Amino acid sequence: MGVTPDAEQAVAAAVGAASTVVPVGAGTQREVGGPVPTGTEVGAPSGIVAYDPAELTVTAGAGTSVDELDAALGAHAQECVLDPRDRRATLGGLLAVGLSGPRRLRYGPLRDRVLEVRFATADGRLVRGGGPTVKNVTGFDLPRLLVGSFGTLGVLTRVILRCQPRPALSRWYRAPGEPDAVRAACLAPSTITWGPDGTRVLLEGHPDDVDAQAAAAELVALPDDGPAWPDAPHRGRVSVPPGQVRQVGAGLAALDGVVWLAEWGVGTVHVGAATEDGLAAARGVATAAGGWLLRESGAPTLDGFGVALPASEVMARVKAAFDPTGKLAPGRLPIPGAGVAAPGVVSGGRIGGPARA
Amino acid sequence: MCFPASPAEVAAAVAVAARHDRPFVARGSGTGLSGGATPVGRPVVIVTTHLNRILDVDPAARVAWVEPGVLNLDLSRSVSHLGLHYAPDPSSQAACTIGGNVATNAGGPHCLASGVTAAHVLALDVVLADGSIAQLGGLEPDQPGYDLRGCFVGSEGTMGIATRVAVRLTRDPTVVRTLLLDFTSVEAAGATVSGIIAAGIVPAALEMMDAEITRAVEDYVGAGYPRDAAAVLLVELDGLEAGVAAQVEEVRAVGREHGARSVRVAADERERALLWKGRKSAFGAIARIAPDYYLHDVVVPRTRLVEVLLEVYEIAEEQRLTMMNVFHAGDGNLHPLIVFDAREPGVWPRVTDAGDAILRACVAAGGVLSGEHGIGLEKRDAMPLVFGPDDLDAQARLRDAFDPWGRANPDKVLPRGSRCGELGVVPEGAWV
């Protein structure tokens, strides 16, 4: 289905009519956070709506895959920094779980790339927030509200994202020393990873600058696409103040059957565990360091977040304001007082969006 | 009006307002341009200028915790010895406060590449409208739940008062080059702006000044701007040596291709400072022309810049007003500046009519009402130009979730009747 006003209205109508709404994309982020409830699955239209390279913005259906967006922008040597592991992921899905990719150190979080959102409300209306221009303070920031809201405030149908020129060169290196030394020696590394196998660095930019920075930091180029991100049956993402990453690393290193890799300077630590107990132990390490662990996949009996939401009274009021009956993605976020929709209300139908394999 | 000296005193002042069911308005240095901090309806005015301490600077994490009354430029100066700076740099940065910057989601010339305030605020301690204190956001990269930090930044005091702000500090670039390009038409300057972006360059800053303001500035500070130019572009490129050197040549080529008469590259830091002094003195310069000005702030898609600029000139002509333009061309952020003498009989309606016409022209071109000044009182009633009833309703719901009592700077940003089902007109004296 193309991204037409009719298609978006159809999504809104479906959301309004359903008693429990389960927003779905490609399913790549399905296990992130709280469990997916049963209910009416609603997908968003997919496709690029508008793209003018001279504007450095792109308008696309929320059901558009990262692969498709990459292809469109790549044809003009541009990109939108999203970088999910599985590039079949949809824009709406990534926004809903708030996944910022591994180049966050240089390019900032996902929420800074979202200019405008359109979403279907619980009562079946289409609402637009933000605006199409790269700079905008007109009204309250609904785009940021929606990023990371797990589909609990509305179902994204269409988004406008900020793009950027692709760097002339991207190259991964191994660093012989400490990650802080790399950060001091390089002006703006795109990624610094730190883990049991040491420090790796992604440099991007003009080839001469990349070479000069690598030489200054005594980096060794490696002919690969960077380190392997931890993979295991049970996965999670730790978020700690960046200064606590070393403590988290030490704690995780002491755990059996746990693999991990940190984004230095950011505070994200990717964790994989052979067992559910292993991931629970990793969460303990994160919590002790003043952070938390988001369950990303596997570990079905583990709580999705493992922490109470901060400023929970305000969050509960936000939830109630947008979804007074608690029908949108119940259980995906641990909002106090939001309850869980009545069980047994399963229509099982699926409206809109690309067919799922 | 009160001047709290601690977060607890802010909370106490808000609690007093709550007990008497009175609105409250936070105020910093009062440099805002959209009336966001203007007291309406006899509110308790809570001035944050005594909360002016830089509490902590962590150079390794590149984070500073500051109180809301800290001046923007003071923050950057205080960390400059560490090779760091605070990126948002509004024109008023010598006088405006971080708290005010948070409220308006302030920008500045260097926000083209680095983003406006929202991209630089990591966490906030806020006093909510019931006097309670909450921390929004955090130093960890992600927080569970809704991005209340993101909602609060730019909420113009309608969601509470920030008492402590954690800001991201940015490393100073290794190399900075500043160029001045001069043109015989605004069309050529505008085409150069589009050409630079289309060439894959996002400069650190990309500013445009038209003929009137260029002359005014040159007469005022003598920065070496060409007095006969129809428009000049001030382009700043930063980063690393090779990339910047290549971009300087590309910008030069794009400029020449579009008919730039001259391309001047600042030879040293002194010359660079002089070029910027011209840009930053614009508002001082116009005081020599007329005693009053009305500065607008609208954004259009960058590719529509010239077309809207020409419309702005037409509007000025129709209303028989002097209009100057000095603005952030790189992100399409226009700042038409109406220069007038308020003592002239009948001038004020022409000024406001021109302002309305500018807003409509921008919206018609696919633009928005404000890029960095905010909505405040000034543009509140223009919000329906860009948002439908359902859009405004959603924004009102968000605001009310923070402040169900309607006490935090009410009457700002959203026009009355935004909440669906709300009475179109609030009864006179409802909160007076």
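A, B, ... follow the sequence lines: proteins, then strands. Residue 1 opens every chain. Since the model is a prediction, treat every value here as computed from it, not as a measurement.
Using a 4.5 Å cut-off between heavy atoms, A:Thr121 makes no contact with chain B at all. Heavy-atom distances place the side chain of A:Arg111, and not its backbone, under 4.5 Å from chain B. Heavy-atom distances place no part of A:Arg166 under 4.5 Å from chain B, backbone and side chain included. With a 4.5 Å cut-off on non-hydrogen atoms, B:Asp390 touches chain A through its backbone and its side chain both. For B:Ala118, the parts sitting under 4.5 Å from any heavy atom of chain A are the backbone and the side chain alike. Within the 4.5 angstrom heavy-atom criterion, only side-chain atoms of B:Leu128, from C-beta onward, approach chain A. Contacts of B:Val413 with chain A are made by side-chain atoms alone, with heavy-atom separations under 4.5 Å and no backbone atom involved. Proximity to chain B is absent for every atom of A:Ala77, based on heavy atoms less than 4.5 angstrom apart. When heavy atoms are compared at a cutoff of 4.5 Å, B:Val368 approaches chain A by way of both its backbone and its side chain. For chain A, the nearby part of B:Leu136 is the side chain; its heavy atoms alone come within less than 4.5 Å. Contacts between B:Phe387 and chain A at a heavy-atom distance below 4.5 Å involve backbone atoms as well as side-chain atoms. With a 4.5 Å cut-off on non-hydrogen atoms, A:Cys186 touches chain B through its backbone but not through its side chain. Of the atoms belonging to A:Ala316, not a single heavy atom falls under 4.5 Å from chain B. Using a 4.5 Å cut-off between heavy atoms, A:Asp180 makes no contact with chain B at all. For B:Arg168, no part lies near chain A; criterion is any non-hydrogen pair under 4.5 Å. Of the atoms belonging to B:Val63, not a single heavy atom falls under 4.5 Å from chain A. For A:Gln244, no part lies near chain B; criterion is any non-hydrogen pair under 4.5 Å. Of the two parts of B:His373, only the backbone, made up of N, CA, C and O, holds a non-hydrogen atom closer than 4.5 Å to a non-hydrogen atom of chain A. Contact of A:Asp209 with chain B is made through backbone and side chain together, with heavy-atom distances under 4.5 Å. When heavy atoms are compared at a cutoff of 4.5 Å, A:Val266 approaches chain B by way of both its backbone and its side chain. Residue contact with chain A, scored on non-hydrogen atoms closer than 4.5 Å, involves the backbone of B:Thr104 exclusively. Proximity to chain B (any heavy atom under 4.5 Å) is restricted, for A:Leu126, to the backbone atoms N, CA, C and O.
Note on A:Val240, A:Thr268, A:Val307, A:Asp208: by heavy-atom pairs under 4.5 Å with chain B, the leading option is A:Val240. Most heavy-atom pairs under 4.5 Å with chain B: of the set A:Thr152, A:Leu294, A:Thr57, this distinction falls to A:Thr152. With chain A as the partner, the residue from B:Gly371, B:Gly150, B:Gly243 showing the most heavy-atom pairs under 4.5 Å is B:Gly371. Each of B:Val116, B:Val386, B:Asp172 has some count of heavy-atom pairs under 4.5 Å with chain A, and the biggest count is that of B:Val386. Among the candidates B:Ser155, B:Cys111, B:Ala61, B:Ser194, the residue making the largest number of heavy-atom pairs closer than 4.5 Å to chain A is B:Ser155. In terms of heavy-atom pairs under 4.5 angstrom with chain B, the leader among A:Gly139, A:Gly291, A:Gly243, A:Gly205 is A:Gly139. Contacts with chain B were tallied for A:Phe322, A:Phe305, A:Phe150; A:Phe322 has the most, counting heavy-atom pairs under 4.5 Å. Ranked by heavy-atom pairs under 4.5 Å with chain A, the first of B:Glu241, B:Arg380, B:Arg149 is B:Arg149. The candidate from A:Arg162, A:Gln213, A:Gln78 with the greatest count of non-hydrogen atom pairs under 4.5 Å with chain B is A:Gln213. Your options are B:Glu156, B:Arg304, B:Gln143, B:Lys379, and the one with the most heavy-atom pairs under 4.5 Å with chain A is B:Gln143.
By the 4.5 Å heavy-atom criterion applied to side chains, A:Val238 and B:Glu140 are not counted as neighbours. Within the 4.5 Å cutoff, the side chain of A:Gln164 has no heavy atoms near those of the B:Val202 side chain. Looking at heavy atoms from C-beta onward, B:Phe402 lies out of side-chain contact with A:Arg317 at the 4.5 angstrom threshold. Counting only heavy atoms from C-beta outward, the side chains of A:His206 and B:Leu240 never approach each other to under 4.5 Å. Within the 4.5 Å cutoff, the side chain of B:Asp142 has heavy atoms near those of the A:Arg104 side chain. For the pair A:Leu145/B:Cys151, a side-chain contact is recorded, criterion being any heavy-atom separation below 4.5 Å from C-beta on. The side-chain heavy atoms of A:Val318 and B:Leu148, taken from C-beta on, include a pair separated by under 4.5 Å.
The CG atom of A:Asp141 lies 13.0 Å from the CZ atom of B:Phe152; values are rounded to the nearest 0.5 Å. Note that CG of B:Asp331 and OG1 of A:Thr133 are 8.5 Å apart. Values are rounded to the nearest 0.5 Å. Distance CG/A:Leu153 to CZ/B:Arg397: 11.5 Å, rounded to 0.5 Å. For the atom pair OG1 of B:Thr303 and CD of A:Glu55, the computed distance is 3.5 Å after rounding to the nearest 0.5 Å.
The closest donor-acceptor contact from the side chain of B:Arg62 to the backbone of A:Gly265 lies at 3.5 Å or more, if one exists at all. Looking only at distances, no side-chain donor or acceptor of A:Arg128 sits under 3.5 Å from a matching main-chain atom of B:Gly388. Distance alone, capped at 3.5 Å, is enough to place a donor-acceptor pair between the B:Arg171 side chain and the A:Ala184 backbone. Remark: side-chain polar atoms of B:Asp391 are not paired, donor with acceptor, to backbone N or O of A:Gly129 under 3.5 angstrom. A side-chain donor-acceptor contact under 3.5 Å links A:Thr138 to the backbone of B:Ser370.
When all heavy atoms of A:Leu142 and B:Ala394 are compared, the pair lying nearest together is CD1-CB, 3.9 Å. Taking each heavy atom of A:Ser239 and B:Pro141 in turn, the nearest pair found is OG-CG, 3.2 Å. Across all non-hydrogen atoms, the minimal contact from A:Pro165 to B:Gly200 is CG-O, 3.1 Å. Pairing each heavy atom of A:Leu187 with each of B:Pro173, the nearest pair is CD1-CA, 4.0 Å. Shown here for B:Ile197 and A:Ala54, the closest heavy-atom pair between the two residues is CG2-O, 3.3 Å. In this structure, B:Leu398 and A:Phe140 approach most closely via the heavy-atom pair CD2-CB, 4.0 Å.
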### Message
Go through it in stages, so that I can follow the logic: the residues are A:Val314 and B:Met159, the test is side-chain contact (heavy atoms from CB on, under 4.5 Å), and I'd like the CA-CA distance, side-chain angles, deciding distance and then a yes or no.
### Response
CA-CA 10 Å; A:Val314 180; B:Met159 295 179 185; over 6 Å; no
### Task
Give the intermediate values and the outcome of side-chain contact (heavy atoms from CB on, under 4.5 Å) for residues B:Tyr146 and A:Ile335.
CA-CA 10 Å; B:Tyr146 306 133; A:Ile335 308 283; 3.6 Å; yes
